[in-house]
Amino acid sequence: MSTARIAKTAFKGMGRNKVRTFLMMLGVVIGIVALTLVVSAAMGAQKRIMERVRKFGLDSLMVTAGGGQEMGRPSSGLPTTTLKIEDAQALKDEIRSVVDVAPFNRRSQSEIKFEEKSTTTGVFGVTPSWEPVWDWEAKKGEFITEDDMDDMARSAVIGETPRRELFGDDDPIGETVRIGTVPFEIKGIMQDKGTSPGGGDMDNRIYVPLSTFLRRVANVDYLWGIKIRLKSVNDIDQAAEAVAALLRERHKIAPGLPDDFTVRKPDEVKEMAENVAGTFNLFLIVVAGISLISGGVVVSNIMLISVNERRKEIGLRKAVGAGRRQILLQFLLESTVVTLAGGMIGFLLGAAGARLMQAVTKLPTSLSWQSAVLGIAFSAAVGLIAGLQPARRAAALEPVEALRS
Amino acid sequence: MTQPVIQVRNLVKVYNKGGGAEVHALRDVSLEIARGAFVGIIGASGSGKSSLMNILGCLDKPTSGTVFLDGVDIGGLGDEALARVRNRKIGFVFQSFNLLPRTNALENVELPLIYSDKPGASRLARLALESVGLGARIHHYPSELSGGEQQRVAIARALVNDPEIVFADEPTGNLDTRSSYEIMALFQNLNTQGRTIVLITHERDIAEHARRVIRIADGRIVEDVENTRPRDAEAGLNNLPAQEAAHVDR
Ligand SMILES: Nc1ncnc2c1ncn2[C@@H]1O[C@H](COP(=O)(O)OP(=O)(O)OP(=O)(O)O)[C@@H](O)[C@H]1O
Ligand SMILES: [Mg+2]
């Protein structure tokens, strides 16, 4: 087959002019390294987003006090005081798809002290159902119990971040910390959870019984929010409507007036998480695009120079029987083979770079066969597009003109 | 009577037609070349020899006039068809060898086979190199070969696809006397085997190796004679002075 023979010719051409081949590859390698980095960073971010959304729970809803876009309290104005612990119970009792509810209140940026040391952390007042609803348990000791709730016990479960700050390598269980002026005995350590969908540290918390929190820490009778666990992912939209309807009824909100609460679904959480990661990727995509385009320009120019230098070779090939199409094919293959090779090298370097990036910056990266295919497809496309004009020019050379030079 | 392999009628070639400096390279040339002929074409520099050969070899198109190759009017063929004719029916030998650099003799000779579907390319190329006496040099690069040897590689390349006609434009122009005679001996040998050869030269003694000599002046055929007693290149080689036998080419 003459096509196979022309392909072989194109391959040999690569080895015959190593400097040219190297320069052509370089442009593509840089572009594909950038592309691979972008894709693996983007996929890493995507993966992390999905992990965070999974942490939120795919089959759950979050109700927070206060309407509108603000989470919890509106940034201006007074706290919304209408969401009560009885609302949580009613949601659980009256909506069939609700498996369990975890009402809670919280105070962010509170100072807690152990002996001389102190740290700033979020204080959460929760019920025992927090564990099953969030699918999140104490990794050591035990979590808040019904007895703690009933007794308004001054016991606490500490998150990994304040534990590290206050206790270092020592065992905190049985020790007493002060939240404000109130002493609490630590009875458990919470399982690490990492970063929240919004980007916060979910381990920088200390948990106390909700009853104790309301009475002794905050001195209020309303909730910050209710986390709701549903029977299945399919119930989400229906359940969200039912929750909203029930709460409006219980809060006696007249038709036409806005909610005094917000129901958040997992896809909204996902959106929020994507917004946190999005801008960074767009920037890198632009960088990769620019470097691929400039790689293509380099390839195209070198191919043009090459066609000019090799007029005699082209004339000779035509004299011995090469048609336009065969010359076109040869030069297209030459540029594509070089950029493909550049693409593979670029992918390998990019993969190594992604590892390094992850090690240095702690940003997550994720490599997959898709990014290899993407890199290789892009480099082939660059070769084809950049090689087209030079190859056309080569194919159009008149044999006599080319031989004369 | 068998059909002539080349038939040319009223061929005209004008360069830069319509431009400021029109050059009339060929003015009304008509000729026929029989199958198996060995034609030498001579003429001063600029007389139109190469212009004629380029048109006969399908490398260039005439301004007017017709060319039949093997009975086919090449004026009616498109670019791809002309390429196929060059590939199957024609072999070229040039003054400056035109070998691909950094490409060994075998691969240079294989070149025409890239564009045909003949199987066994490297075997054919090897045979062609053996037939020009270079069986021992097949892996040498052009830079490792003498001028005469390079021209023999080019002849092997011209022959590898078993063409009807071999066109040679000043094949000895860059060679010393001995190498020139060696090349001419090869051509004579090929011609005895029945191959049609068209040889362009401006040296009369080289042209005298042909069996027919056509002289061109200012784009016209001014002389066309049978050469009843062509020079014998083998004999010419044997008569060369002895010290030249030990020379290094060029
Ligand atoms: N591409 C071209 N453009 C313009 N003029 C040309 C071109 N090719 C050849 N000529 C002119 O046509 C005339 C014939 O040229 P040609 O090359 O056929 O001569 P030649 O007999 O082969 O000469 P030489 O022995 O020097 O090779 C010359 O005057 C030459 O300058
Ligand atoms: Mg000439």
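We name chains A, B, ... by the order of the sequence lines, and we start the count at 1 in each one. Computed from a prediction, not measured in an experiment: that's the story for all the values here. Every heavy atom of this structure was used, including side-chain atoms; hydrogens, water molecules and symmetry mates were not.
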Margin query: When you measure from the side chain of B/N98 to the backbone of A/L316, do you find a donor-acceptor pair of N or O atoms at a distance under 3.5 Å?
Written below: no
Next item on the list: Give a yes or no on whether B/R27 atom CZ has more than 12 heavy-atom contacts from other residues, nucleotides or ligands under 6.0 Å away.
Entry: yes
Margin query: Does B/R35, at its CZ atom, have more than 12 non-hydrogen atoms belonging to other residues, nucleotides or ligands within less than 6.0 Å?
Written below: yes
Next item on the list: Give the minimum heavy-atom separation between A/V400 and B/L59, together with the two atoms involved.
Entry: CG2-O, 3.4 Å
Margin query: I'd like to know which of A/E313, A/R317, A/K12 tops the heavy-atom pair count under 4.5 Å against chain B.
Written below: A/R317
Check: Highest number of heavy-atom pairs under 4.5 Å with chain A: which of B/I90, B/T103, B/V160?
Finding: B/T103
Next item on the list: Determine the minimum heavy-atom distance between A/K318 and B/R86, stating which atoms define it.
Entry: O-NE, 2.7 Å
Check: So which of B/V85, B/N161, B/L113 has the biggest tally of heavy-atom pairs under 4.5 Å with chain A?
Finding: B/L113
Checklist line | Option that, when pairs with chain A are counted at under 4.5 Å, heavy atom only, ranks first among B/P163, B/S96, B/A83 | finding: B/A83
Check: Checking B/R157 against chain A: side chain, backbone, both or neither under 4.5 Å from a heavy atom?
Finding: side chain
Next item on the list: Specify the closest pair of heavy atoms between A/R5 and B/P119, including all atoms of both residues, with the distance to one decimal.
Entry: NH2-CA, 3.8 Å
Checklist line | Residue A/F378 excluded, over 12 heavy atoms near CZ under 6.0 Å | finding: no
Check: Under a 4.5 Å heavy-atom cut-off, does chain A meet the side chain of B/L82, its backbone, both or neither?
Finding: neither
Next item on the list: With a 4.5 Å heavy-atom cut-off (strictly below), which parts of residues 323-333 of chain A touch chain B? List them by number.
Entry: A/G323, A/R324, A/R325, A/Q326, A/Q330
Note to self: Measuring from atom CZ of B/F92 to atom CG of A/L403, what distance do you get when rounded to the nearest 0.5 angstrom?
What the structure shows: 8.5 Å
